Every structure is written in C-alpha cells, then in structure tokens.
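In this text the structure is predicted, and so the values were computed from the model without any measurement. Below, read A as the first sequence line, B as the second, and so on, with proteins coming before strands; counting in each chain starts at 1.
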Amino acid sequence: MIWLGIETSNAPLSVAIVRDGEVLSEIVQNTKSTHSVTCMPTIEEVFRKTNLKPVDIDAVAVSEGPGSYTGLRIGVTIAKTLSWTLKKPLVGISSLKVLASNVELFDGIICTMFDARRKNVYAAVYKGKELKTIIPEHHGSLEELLQQLKEYQETIMFVGSDVKKFKEEIQSVLGEQAKFAPPSLNLPRASKLIELAEKEPLPTLEMVHSFVPKYHRLAEAEANWLKAHQKEQKG
Amino acid sequence: MENLILAIETSCDETAASVIRNGNEILSNVVASQIDSQKRFGGVVPEIASRHHVEQITVVIEEALEKASIVPSDLDAVAVTEGPGLVGALLIGINAAKAFAFAHGLPIIGVHHIAGHIYASALVEPMKFPLLALVVSGGHTELIYMKEHGSFEVIGETRDDAAGEAYDKVARVLNLPYPGGPHIDRMAHEAKKGVDFPRAWLEDTYDFSFSGLKSAVINYKHNLEQRGQSIVPEEVAKGFQDSVVEVLTTKTIKAAKELGVKQVIVAGGVSANRGLRESLSKALEQEGIPFTAPPLSLCTDNAAMIGACAAYMFEAGVRSDLSMNGLPGKELKSWSNTDDKLR
Ligand SMILES: [Zn+2]
C-alpha cells in the first residue's frame with residue numbers, strides 16, 4: 001500500500017511517500033515560502049525521488065486542520081483533486097494530532113497548539129503512547145486551556161512551533177509541570193500523518209467531493225450574520 | 001488550431017470549469033454560483049468565497065468532464081485563471097488545476113482573467129484584428145486594443161471606481177438587493193424620464209471616472225430627503241445608467257474610429273447590461289463597425305472564456321509550471337512576441 005501524505009496546515013510544509021509502513025521519501029520544510037508556490041513542486045519531487053508515478057499511489061492523507069485557513073485550503077484542494085482524479089481514497093487527520101505524534105512515546109500528557117491570535121489558540125490535548133484524546137481539537141483562550149491543564153497534576157509536553165510565543169505564560173501557570181519539545185520535534189511530518197491515517201478506516205471514493213478543511217471557526221462575516229439573524233428571530 | 005482544454009476559473013465567487021475544443025467550441029460550461037450565500041452579506045466576502053470554492057471544486061470539474069464526455073487522457077492542457085481576483089479564491093482553482101495537470105502529465109497554462117473575458121467573443125465568432133475591447137465588470141473598466149492574438153494594450157481605464165462598482169454602490173443607495181446591477185438596468189427601462197446626472201468626460205483621454213457620478217446620486221437623494229421629499233428610484237436608476245452608458249459608448253466609438261478597428265467587443269459582467277448593449281450596438285452600427293457582445297452566460301465569470309483564451313496561448317507555446325501562484329493584481333501582458341507599442 002503506497003501513501004502520499006500532504007501537510008500544509010501552518011507555515012511548515014511536509015510531503016511524504018510511504019510504502020507498506022516504510023518511508024520512501026519525505027520532505028520537511030520550515031521556510032517562509034508560500035504553500036501555493038512550493039507544495040505541488042515538492043509533491044513532484046517526492047515522486048521523482050521514489051521513481052513513482054501519481055497513478056502508483058493507493059491512498060492520500062492530508063492534514064485537515066485546524067491551522068491557517070489558506071494553508072489548509074491549499075493542502076486539502078491538492079489532496080482532494082489528486083484523490084478524486086486518481087480515484088484513490090482520501091483520509092484527513094487532525095493537524096494537532098499529527099504534531100502530537102512526534103512525541104507519542106512520551107509517557108504523559110501532550111498538548112499541541114497553534115497561535116490563533118488575540119491570546120487564543122487552536123489546541124488539543126492527548127495522553128501519551130496511544131494518543132488518546134483528552135481535550136479535543138478546539139479554538140479557545142490560552143488562559144482557559146492552561147487552567148484546565150493545571151488540574152491534571154501531571155507533566156505536560158508542549159509541542160509546536162508556536163509554543164515559544166506562549167512559553168512565559170505557560171510557565172507562569174504550570175511552572176515545573178510544563179515541558180517543551182525540542183525544535184526538531186516541533187515541525188509536522190507527513191510520514192507521521194500517514195502513520196495515523198493508516199489506522200483509520202478508508203473512506204469511500206464518494207466522500208472525496210464533500211471533504212473540506214476543519215477550520216474550527218466560522219468565517220467572521222458568517223459568525224456576525226448568524227448573531228444578527230438569531231437576534232432577528234428572537235425579536 | 002486543434003486542441004482540447006480543461007479550464008478552471010475561481011477568481012471571485014463562481015466556481016467554474018469548462019472543456020473547450022479548438023478555442024471556439026464549448027463542450028461543457030459548468031458554473032456553481034455562491035450568490036445565495038454571498039447575498040446575506042451584501043457583497044462577496046473573500047473568506048466565504050474561498051470556503052465555498054473548496055466545497056465545489058472537484059464536483060464542478062467532474063461535471064465539466066462528464067458533460068463533455070471527456071477523459072483526462074483526451075486533453076492537451078489544463079488552463080486556470082492566474083489573476084487578477086481574490087487571492088484566496090484564485091488559489092483554489094490554481095492548486096486544483098496543478099494537481100490535476102500533475103496527476104495526468106498535462107501542461108498547465110495560467111490565464112489572465114480579463115484576457116479571458118475578451119476571448120469569450122471567440123466562442124461566438126472569430127476575432128477580427130485590429131480590435132477594440134471594452135471590458136466592464138465589478139473590478140474593471142478598460143478599453144483594450146488588440147493588434148493580433150495575444151497582443152494587449154490598455155488604452156483607457158478607470159481612475160477610481162469600476163463601472164460595476166458604481167452600479168453596486170448606487171444599488172445600495174437605492175436599497176436594492178445584491179447584486180444591484182441587473183435591478184438598476186431593469187428599473188432604468190421602466191422609467192419614462194431620468195434624473196439629469198453629470199458625465200465625467202476627462203477630455204483627451206480614454207480614461208474613465210465614476211466616483212463623481214456616484215457622489216452626485218448620493219447628494220441628489222440627500223437633498224431631496226432634507227426637503228422632506230423622496231426620490232423616484234426608477235428615475236434615479238435611469239439617470240445614473242444613462243450617464244454611465246453614454247460615457248462608455250462615446251469613448252468606445254471615439255477610440256474605435258481613431259484606431260480604425262475591424263471589430264469592437266464588449267466583455268465582463270456589466271456587459272450583460274441591456275442599456276449598454278443597446279447603446280453600443282446602435283452607435284457602432286451607425287459607424288459601420290462590427291460589434292460582438294457574447295451571450296449573457298459568457299459575460300459573467302465562467303471557465304469557457306478561460307479555455308478559449310488558453311487555446312490560443314497553447315498554440316503560441318505559452319506554458320506555466322507547478323510553482324504557479326495566484327496573482328491578485330496580475331497585469332495584462334501580451335504573449336505574442338511580435339508586439340510593438342501602438343504609439
Ligand atoms: Zn470577471
């Protein structure tokens with residue numbers, strides 16, 4: 001079984017081809033380049049390096065969010081199009097879980113997060129070794145999350161490139177309870193994405209058309225409209 | 001010319017795909033509109049547009065291929081709008097086009113949205129050069145001279161609002177639902193007389209300006225309301241439309257005569273406007289200059305026009321690659337290399 005994995009949920013980019021659990025080629029990149037420019041050429045590169053053709057793959061895995069709206073849409077659009085036109089199933093995995101799997105061997109609590117601006121984060125919390133979800137992916141305030149984490153009275157490993165922005169605040173609430181992953185484990189890897197996707201049941205091909213990113217937030221205009229509309233209905 | 005092209009267009013709020021044979025035959029032309037969603041916001045919200053494009057993109061491409069009874073191996077190239085447009089919206093079409101092209105080993109061609117609008121006319125009848133194109137839409141008001149295929153020279157453009165923008169703003173003043181253009185057009189036809197609004201001539205240039213007209217409409221309404229009176233919306237619509245149409249027609253005729261063109265084309269969303277079509281067609285007939293106004297379905301954003309344009313680019317050897325990016329402010333550049341400046 002040959003997998004193509006695509007991860008563009010945030011600034012870093014990763015693409016991999018994995019055959020029967022073995023990584024044939026993987027690119028992990030953390031440069032300022034835009035995914036729209038680099039993602040397809042990077043996919044082309046992993047195919048070239050593995051001497052494989054697009055038709056050779058059996059399934060596609062993509063990071064489905066949360067993350068940067070544009071980043072997610074680029075990865076998902078490419079994954080959807082390849083999957084649909086090559087008639088291969090598409091599996092979406094939480095981008096926070098992909099990151100957590102970098103430290104899955106850690107025997108404790110794992111918290112992954114992305115900056116969502118205005119002291120908010122996209123975050124999820126997992127229990128190590130099996131990555132059991134303790135707090136599901138969500139958008140919320142960092143402060144609330146840290147208060148929740150404090151209750152666990154266990155060591156918590158923070159993972160992700162954005163964690164350094166919140167290090168002081170994390171330490172001020174959690175003190176010694178907080179541990180931080182080394183920088184090399186802060187980048188999402190498409191090979192880990194594929195590992196997680198392999199554990200999921202393969203969706204039918206019909207599911208591809210309706211596949212969309214999990215933004216975990218309404219567009220601002222949509223949220224405002226709903227608010228106004230609900231008021232209207234009540235009044 | 002013999003080629004078969006899959007074209008994709010997602011520059012604003014329409015998700016569109018089309019299969020075009022030989023640059024003039026439409027095998028399919030699928031457009032998924034977001035208008036019902038965007039209507040809620042009184043205009044196009046870029047983030048919402050991008051989200052809808054992701055939902056629709058593979059469905060629309062599949063439908064275009066199925067309606068055309070085409071499989072990917074029949075195709076010669078994949079074309080996609082590269083810009084201008086909303087960047088987040090452009091990126092969906094571009095990345096889908098790149099992924100599709102890569103999956104099937106096809107070349108990819110990035111098309112300028114305005115060049116696409118102009119080439120909609122090639123789906124109606126062959127283009128006759130030199131020609132003059134009046135491009136009027138929500139984002140554009142331009143007079144473009146074409147010496148030959150792939151040669152573009154913008155000889156006039158708006159200095160402030162695009163014609164379509166002015167229509168939308170005046171529609172808001174008149175409390176008309178989005179999009180307001182068709183409503184103004186209809187109301188103008190219902191009115192017996194129009195309010196006398198100014199025309200911005202900008203002498204000795206082919207440039208346009210519509211912001212003064214828009215302000216005049218706002219002031220007119222305001223002044224009447226101050227006196228406790230209310231406007232007759234139909235008369236305001238007619239007065240406004242008459243001003244826009246007269247300026248567009250007069251400048252187009254002047255340029256067409258001065259440049260001695262063999263054909264005038266009107267393109268873009270606002271070219272669906274009945275008032276403008278009638279006025280241009282009458283004035284050009286008097287001058288004996290052939291006039292092409294594509295059917296309404298080819299005036300609003302669609303992928304068939306992108307495919308028509310790409311067919312000529314394909315013949316000329318123009319190619320993009322997998323690093324193509326969305327260019328929200330993409331300039332209209334010529335692809336024919338024999339192009340030299342008009343003046
Ligand atoms: Zn347009």
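Annotation for Glu200(A): atom CD counts as buried by contact number, over 12 foreign heavy atoms lying within 6.0 Å. Counting non-hydrogen atoms of neighbouring residues, nucleotides and ligands closer than 6.0 angstrom, the CD atom of Glu25(B) exceeds 12 such neighbours. When the shell of 6.0 Å around NZ of Lys199(A) is examined, it contains more than 12 heavy atoms from other residues, nucleotides or ligands. More than 12 heavy atoms of other residues, nucleotides or ligands lie within 6.0 Å of CE in Met1(A), so this atom counts as buried by the packing criterion. Within 6.0 Å of atom CD in Glu169(A), more than 12 heavy atoms from other residues, nucleotides or ligands are found, so the atom counts as buried in its surroundings.
Proximity to chain A (any heavy atom under 4.5 Å) is restricted, for Phe41(B), to the side chain, taken from C-beta onward. Only the side chain of Leu86(A) comes within contact range of chain B, with at least one heavy atom under 4.5 Å from a heavy atom of that chain. Contact annotation for Val37(A): both backbone and side-chain heavy atoms come within less than 4.5 Å of a heavy atom of chain B. Heavy atoms of Thr34(A) lying under 4.5 Å from chain B belong exclusively to its side chain. Both the backbone and the side chain of Val59(B) come within contact range of chain A, with heavy atoms under 4.5 Å apart. Neither the backbone nor the side chain of Thr38(A) comes within contact range of chain B; no heavy atom of the residue lies under 4.5 Å from a heavy atom of that chain.
Counting heavy-atom pairs closer than 4.5 Å to chain B, the top residue among Ser210(A), Ala221(A), Cys39(A), Ser83(A) is Ala221(A). Contact tally against chain A (heavy-atom pairs below 4.5 Å) for Leu65(B), Ile48(B), Val87(B), Ile57(B): the top residue is Ile48(B). Across Gly326(B), Ser323(B), Ser37(B), Pro72(B), the residue that shares the most heavy-atom pairs under 4.5 angstrom with chain A is Ser323(B).
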Legend entry - Worked verdict on His209(A) versus Glu55(B) for side chain to side chain donor-acceptor pair (under 3.5 Å): CA-CA 7 Å; His209(A) 283 317; Glu55(B) 290 165 15; over 6 Å; no
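Side chains of His104(B) and Thr85(A) form a contact here, defined as non-hydrogen atoms less than 4.5 Å apart. Inter-residue side-chain proximity for Arg51(B) and Val212(A) is flagged as unmet; no heavy-atom pair is nearer than 4.5 Å. Contact check for Leu82(A) versus Phe100(B): no side-chain heavy atoms found under the 4.5 Å cut-off. Counting heavy atoms from C-beta on, the side chains of Tyr69(A) and Ser50(B) never come closer than 4.5 Å. At least one side-chain heavy atom of Glu222(A) sits under 4.5 Å from a side-chain heavy atom of Arg40(B).
Chain A is approached within less than 4.5 Å, heavy atom to heavy atom, by Leu322(B) from residues 306-322 of chain B, ordered by number.
Each of Asn95(B), Ile92(B), Thr58(B), Ile8(B) was evaluated against Thr81(A); a single residue qualifies, Thr58(B), per the side-chain contact (heavy atoms from CB on, under 4.5 Å) test.
Lys98(B) and Ser36(A) make their closest contact through NZ-O, 2.5 Å (heavy atoms, listed as atom of the first residue, atom of the second, distance).
Annotation: the span from Lys80(A) atom NZ to Ile61(B) atom CD1 amounts to 9.5 Å, rounded to 0.5 Å.
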